Protein chains: 2
Amino acid sequence: MIFTYMCRTCGCSFRARDFGNVERFIEPCILLLLLRGSSYGYGLMEGLEKHCGEKVDIGNLYRTLRRMEADGWVKSEWGKNKVGPDRRIYTITKNGREFLEVAALSLIRTDKLIHRFLEGFQKSKSA
Amino acid sequence: MIFTYMCRTCGCSFRARDFGNVERFIEPCILLLLLRGSSYGYGLMEGLEKHCGEKVDIGNLYRTLRRMEADGWVKSEWGKNKVGPDRRIYTITKNGREFLEVAALSLIRTDKLIHRFLEGFQKSKSA
DNA sequence: CCTTACTATATGATATTTACATATATGTGC
DNA sequence: GCACATATATGTAAATATCATATAGTAAGG
């Protein structure tokens with residue numbers, strides 16, 4: 001079945017998009033990847049899609065990395081690239097590692113909420 | 001430890017807020033509650049806080065209910081209230097029940113992503 | 001009657017996050 | 001020179017969340 005929504009501004013109808021996205025889930029995913037070794041925006045994409053199941057918007061990824069640097073979770077420096085354009089190499093910071101711990105705790109809490117919902121949902125089916 | 005963020009507009013520092021919220025999680029939670037019986041905005045609050053672990057913003061709740069009605073997941077009508085202001089009573093629709101099924105599937109997918117992340121995170125700790 | 005409080009719905013304004021499009025530049029293969 | 005993959009970045013708009021405020025019915029206390 002196809003679900004349609006009403007456009008909030010013009011009233012037109014459009015198909016339902018993905019539901020259940022976790023806000024800024026990409027940030028802890030990035031930090032987890034950087035824990036294994038420093039990397040750069042474009043190079044992180046494959047890892048994000050594989051290990052975090054993200055359909056990554058590359059523009060959003062770059063902006064997120066710059067924001068994370070402003071927040072102090074990562075730091076960056078330009079690295080020379082022989083076979084293509086230079087890369088901005090990101091490295092996780094001590095603050096970033098600590099934030100990763102906190103984010104993991106929050107995600108455990110989120111996981112519990114989802115489980116509680118799914119349990120209630122299953123019960124409603126069996127009743 | 002207290003995490004601080006930079007304000008995106010003025011550059012000031014502020015404490016990190018909750019992380020890991022699921023987008024529009026309140027919608028399937030509302031539908032699950034309405035499955036048990038019709039209810040109204042103010043009355044749904046307690047159930048939402050108890051069963052869905054939501055810290056409910058009442059303004060957001062009312063706006064969400066109106067949006068869900070526009071989307072066709074619920075329908076409403078005014079009900080007389082002897083002991084206070086009248087209530088707008090919401091009832092789940094057939095479309096709403098079907099959307100609840102789809103939302104549950106999406107939440108299962110979200111749950112898997114979180115698990116994959118947490119597994120990777122645990123591995124990084126034991127290594 | 002007046003004030004306070006709880007119930008009940010609703011909206012204004014703003015902040016935050018995400019999505020889609022586009023700009024710019026380097027190096028490779030043809 | 002041209003198309004293509006790599007690489008970073010920003011402009012704009014849409015969607016969502018947050019915080020504050022407006023309005024009104026009823027009940028209790030003074």
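The figures here come from the full heavy-atom set of this structure, side chains too, leaving out hydrogens, waters and symmetry mates. Every chain is numbered from 1, with letters handed out A, B, ... down the list of sequences. For clarity, every value in this text was computed on a predicted model and none was experimentally measured.
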Between C1' on dA15(D) and CD1 on I26(B), what's the gap in Å once rounded to a whole number?
16 Å
Name all pairs fulfilling the salt bridge (charged side-chain N to carboxylate O under 4.0 Å, His left out) condition that reach into residues 73-88 of chain B, sequence neighbours left out, sorted by first residue then second.
K80(B)-D86(B)
Would you say R87(B) reaches dG25(D)'s phosphate, i.e. side-chain N/O to OP1/OP2 under 4.0 Å?
no
Starting at atom NZ of K80(B), determine the distance to atom P of dA8(C), rounded to an integer number of angstrom.
14 Å
M45(B) CE - dA8(C) P separation (whole Å):
9 Å
Rounded to the nearest angstrom, tell me the gap between atom CD1 in I30(A) and atom C1' in dT17(C).
14 Å
So does Y40(B) get a side-chain nitrogen or oxygen closer than 4.0 Å to the phosphate oxygens (OP1/OP2) of dA8(C)?
yes
Rounding to a whole Å, what distance do you find between N21(B):CG and dT18(D):C1'?
12 Å
Sequence neighbours left out, cut at 3.5 Å: what donor-acceptor pairs do the side chains of residues 56-65 of chain B make with other protein atoms?
{"from": "D57(B)", "atom 1": "OD1", "to": "G59(B)", "atom 2": "N", "distance (Å)": "3.0"}
{"from": "D57(B)", "atom 1": "OD1", "to": "N60(B)", "atom 2": "N", "distance (Å)": "2.8"}
{"from": "Y62(B)", "atom 1": "OH", "to": "Y42(B)", "atom 2": "N", "distance (Å)": "3.4"}
{"from": "T64(B)", "atom 1": "OG1", "to": "N60(B)", "atom 2": "O", "distance (Å)": "2.7"}

By side-chain contact (heavy atoms from CB on, under 4.5 Å), R116(B) pairs with (sequence neighbours left out) L113(B)
Would you call R97(B)-E101(B) a salt bridge at under 4.0 Å N-O?
no
Do any side-chain nitrogens or oxygens of Y42(B) fall under 4.0 Å of OP1 or OP2 in dT7(C)?
yes
Check salt bridge (Lys or Arg N to Asp or Glu O under 4.0 Å) between E46(A) and all other residues, then give those that pass, not counting sequence neighbours.
K50(A)
Taking CZ from R66(A) and P from dT16(C), how many angstroms apart are they, rounded to a whole number?
20 Å
Using the side-chain hydrogen bond (donor to acceptor under 3.5 Å, both in side chains) criterion, which residues pair with E119(B)? Sequence neighbours excluded.
none
Within this structure, what is the CD-to-P distance between E23(B) and dT16(C), rounded to whole angstrom?
17 Å
Among dT18(D), dT17(C), dA8(C), the one nearest any side-chain atom of R24(A) is dT17(C)
Measure the acute angle between the ring planes of W73(B) and F99(B), then classify it against the limits of 30° and 60° as parallel, tilted or perpendicular.
parallel
Any protein N or O atoms within reach of nucleotides 21-30 of chain C? Criterion: under 3.5 Å, listing atom names and distances.
none

Between P of dT11(C) and CG of L61(B), the distance in whole Å
14 Å
